[in-house]
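Computed from a prediction, not measured in an experiment: that's the story for all the values here.
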Amino acid sequence: MESTADRLRRFREAKGIDSGAELARLAGVPEATYRAYESGRRPLTARAARELAVPLGITWQMLLFGKEAGDAGIAINTPEEAAAVLGQRVRRKAAPPRPPTSYTGPAAAEVISMGGDNWALLPVYDARASAGPGQEIDREAVVYRIAFREEWVRTVTTAPLDQLAVISVDGDSMEPTLRTGDTVLVDFRQNQPGDKDGIYVIRTGNGLQVKRVQVELGRPPRLSVLSDNAAYQPQRGLSAEDVHVIGRVIWLGRQVGA
């Protein structure tokens, strides 16, 4: 895998700039600092990448990450990339042993230390929780990660970090509470609606959906799957076998103006 230092050297040589000293002069960066960047002795930050990208004729994202930003910005996939954006050095924190839980997903959170805070890099799945007919996600994959301050995470859940993940909402059946494009943080450990009514990610015969789930009193107990949008009819009297509850929604994020 190409390092940032290797990429910096490659772009400099491709531009026909003979020496690091010349590129440092063109970018207004101290020569000693530039030498540390190109040798890999000093991590390249987003600020330095912006300065060096100008004489190289490329974007700072291409220099720093080796990829261009999309419509939603740049996807942060590693602790090193997160640290570069924040202008911090990264120190990995050993995660404590976790007790066995019911969810055995393919990805776990990584805890890193930046700027004096611990951050949990939670996986974002390449799957949409449909607030509507449903989406099949039998082969979901992690496409990138979002950094949450670990201290904040502990204010909303006590779940092990490897029992948390982020997915996107698609559909209008939960409007106005949830809208298409919203991101939701899901606690996989909270998969028993009888313990607490709320909004859950569920898998039914229609695929993956995000809905309100309530328990109907009776023996055996039945589940009601409800939509906040009155245009959608509730589903009542469902057995536990009809609804596979994946986890409870504990936080949502929304683009301003969406």
Side-chain angles (χ1 to χ4, degrees), residues 1 43 46 65 72-130 135 137-170 177-178 181-203 208-211 213 244-255:
M1 181 178 179
F65 303 116
I74 195 77
I76 304 301
N77 294 313
T78 67
E80 288 75 17
E81 290 179 353
V85 170
L86 296 175
Q88 301 284 345
R89 293 180 182 272
V90 59
R91 300 190 304 275
R92 285 177 169 81
K93 176 184 175 184
R98 301 296 188 186
T101 52
S102 61
Y103 176 71
T104 56
E110 182 173 5
V111 179
I112 62 175
S113 178
M114 292 186 295
D117 291 317
N118 290 329
W119 298 79
L121 298 183
L122 300 183
V124 179
Y125 283 87
D126 185 16
R128 286 180 172 266
S130 174
Q135 300 278 343
I137 61 160
D138 290 336
R139 297 181 180 180
E140 55 261 28
V142 175
V143 290
Y144 61 96
R145 295 173 184 269
I146 292 180
F148 290 85
R149 184 178 282 106
E150 187 178 18
E151 181 180 5
W152 175 86
V153 172
R154 290 301 162 225
T155 68
V156 296
T157 181
T158 60
L161 295 177
D162 60 5
Q163 297 296 301
L164 303 174
V166 179
I167 57 179
S168 297
V169 174
D170 188 22
T177 307
L178 298 175
D182 286 352
T183 54
V184 293
L185 179 61
V186 180
D187 183 345
F188 294 113
R189 197 179 61 170
Q190 298 188 45
N191 58 7
Q192 300 297 323
D195 297 336
K196 184 183 295 184
D197 290 345
I199 300 175
Y200 288 83
V201 175
I202 64 175
R203 182 183 277 116
L208 193 74
Q209 302 183 49
V210 54
K211 298 285 188 180
V213 178
H244 176 199
V245 179
I246 294 176
R248 184 169 181 263
V249 174
I250 59 174
W251 171 89
L252 75 91
R254 176 174 297 158
Q255 180 181 349

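- One side chain, Arg189 or Thr158, offers a donor N or O that lies under 3.5 Å from an acceptor on the other.
- Residue Gln209 forms a side chain to side chain contact (heavy atoms under 4.5 Å, CB included) with just one option from Ile202, Val201, Val169, and that option is Ile202.
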* To do: Walk me through it: do Gln163 and Thr157 pass the test side-chain contact (heavy atoms from CB on, under 4.5 Å)?
  => CA-CA 10 Å; Gln163 297 296 301; Thr157 181; over 6 Å; no

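- For the pair Ser168 and Thr183, the tightest heavy-atom approach, listed with the atom from each and the gap, is OG-CG2, 4.1 Å.
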* Could you please spell out the steps behind the side-chain contact (heavy atoms from CB on, under 4.5 Å) verdict for Leu164 and Asp187? => CA-CA 5 Å; Leu164 303 174; Asp187 183 345; 3.9 Å; yes

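- How far CG of Asp170 is from CG of Asp182: 11.0 Å, rounded to the nearest 0.5 Å.
- Between Ile199 atom CD1 and Arg248 atom CZ the span is 8.5 Å, to the nearest 0.5 Å.
- Residues Thr177 and Leu252 approach most closely at O-CD2, 3.9 Å, considering heavy atoms.
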* Take Val184 and Val210 through the side-chain contact (heavy atoms from CB on, under 4.5 Å) test and state the conclusion after the steps. => CA-CA 10 Å; Val184 293; Val210 54; 5.6 Å; no

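- Side chain of Arg154 to main chain of Ala159: a donor-acceptor pair is present (N/O by atom type, distance under 3.5 Å, no hydrogens or angles).
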* To do: Determine, step by step, whether Tyr200 and Ile246 satisfy the side-chain contact (heavy atoms from CB on, under 4.5 Å) criterion, reporting the C-alpha distance in whole Å, the side-chain angles of both residues, the deciding distance to 0.1 Å, and the verdict.
  => CA-CA 7 Å; Tyr200 288 83; Ile246 294 176; over 6 Å; no

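- In plain terms, the two heavy atoms of Val111 and Glu150 that are nearest each other are CG1-OE1, 3.8 Å.
- Here the closest non-hydrogen pair linking Leu122 and Leu161 is CD2-O, 3.9 Å.
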